[in-house]
Amino acid sequence: MAYVITEPCRGCKFTDCVEDCPTDSFREGDDMLFIDPETCIDCDACISACPVEAIFPDHEVPQQWQHYIEMNATMSQKSPMITEIRRAE
Ligand code: SF4
Ligand code: SF4
């Protein structure tokens, strides 16, 4: 199991979510973040940090956003780590 970032994250660069992650699992894509499923330990800390409810446990991802499960797995391997909050410019 892992946590997955979905559609509502697109365009958000508040990145409040990244600081609470004990395993540094967040990766920065072009217009959204991804979670690396290989390092996420399902601790739940990031859920409440996201103001737009973009993060779900993989078994609770809404039907229309199921493809984000694979997208997070793929894109997290190609994207740089982000561990500090970055405000939109
Ligand atoms: S706080 Fe939520 S919407 Fe913003 S970057 Fe993190 S997951 Fe995406
Ligand atoms: S569930 Fe925990 S380990 Fe996984 S991405 Fe969120 S804060 Fe990090």
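Counting convention: from 1, in listed order, for ligands and their atoms alike. The structure presented is a predicted model; accordingly, all values stated were derived computationally and were not measured.
For atom 8 (Fe) of ligand 1, the closest non-hydrogen atom on the protein side is C9 SG, 2.3 Å. In terms of protein heavy-atom proximity, atom 2 (Fe) of ligand 2 is nearest to C43 SG, 2.3 Å. In terms of protein heavy atoms, atom 6 (Fe) of ligand 1 is closest to C17 SG, 2.3 Å.
Shown in contact with C40 at under 4.0 Å from a heavy atom are these atoms of ligand 2, numbered in order with element: 1 (S), 3 (S), 4 (Fe), 5 (S). Heavy-atom contacts of V52 reach the following atoms of ligand 1: 3 (S) (cutoff under 4.0 Å). The T15 neighbourhood of ligand 1 comprises atoms 4 (Fe), 5 (S), with distances under 4.0 Å to a heavy atom of that residue. Less than 4.0 angstrom separates some heavy atom of D44 from each of these atoms of ligand 2: 1 (S), 2 (Fe). Close contacts between ligand 1 and P51 involve ligand atoms 1 (S) [criterion: under 4.0 Å to a heavy atom]. Residue-ligand proximity, I41 to ligand 2, at heavy-atom distances under 4.0 Å covers atoms 3 (S), 4 (Fe). In summary, the atoms of ligand 1 found under 4.0 Å from a heavy atom of L33, numbered by their order in the structure, are 5 (S). Ligand 2 places these atoms under 4.0 Å from at least one heavy atom of T23: 3 (S). Ligand-side atoms of ligand 1 in range of C12: 3 (S), 4 (Fe), 5 (S), range being under 4.0 angstrom from any heavy atom.
Partner of D24 under the side-chain contact (heavy atoms from CB on, under 4.5 Å) criterion, out of T83, D36, I82: T83 alone. The side-chain contact (heavy atoms from CB on, under 4.5 Å) with I55 is formed by just one residue from the set P8, C9, C50; it is C50.
Judged by distance alone, the side chains of T39 and T23 never bring a donor and an acceptor atom under 3.5 Å apart. Defined by atom type and a distance below 3.5 Å, a donor-acceptor pair is present between the side-chain atoms of Y3 and D44.
Of all heavy-atom pairs between N72 and I5, the closest is ND2-O, 2.9 Å. The minimum heavy-atom distance between F56 and T6, with the atom names listed, is CE1-OG1, 3.5 Å.
The backbone N or O of S76 lies less than 3.5 Å from no partner atom in the side chain of S79, so there is not a single donor-acceptor pair.
With a 4.0 Å cut-off on non-hydrogen atoms, I55 does not touch ligand 2 at all. If you look at I35 next to ligand 2, the close heavy atoms, those under 4.0 Å, all belong to the side chain.
More than 12 non-hydrogen atoms from other residues, nucleotides or ligands lie less than 6.0 angstrom from CG of D31. Dense packing is recorded around CD of E19, with more than 12 heavy atoms of other residues, nucleotides or ligands lying under 6.0 Å away.
Looking at P57 and D42, their side chains never come closer than 4.5 Å, going by heavy atoms from C-beta outward.
At a cut-off of 2.8 Å, C46 coordinates atom 6 (Fe) of ligand 2 through an N, O or S atom. Atom 2 (Fe) of ligand 1 has an N, O or S atom of C50 under 2.8 Å away, backbone or side chain.
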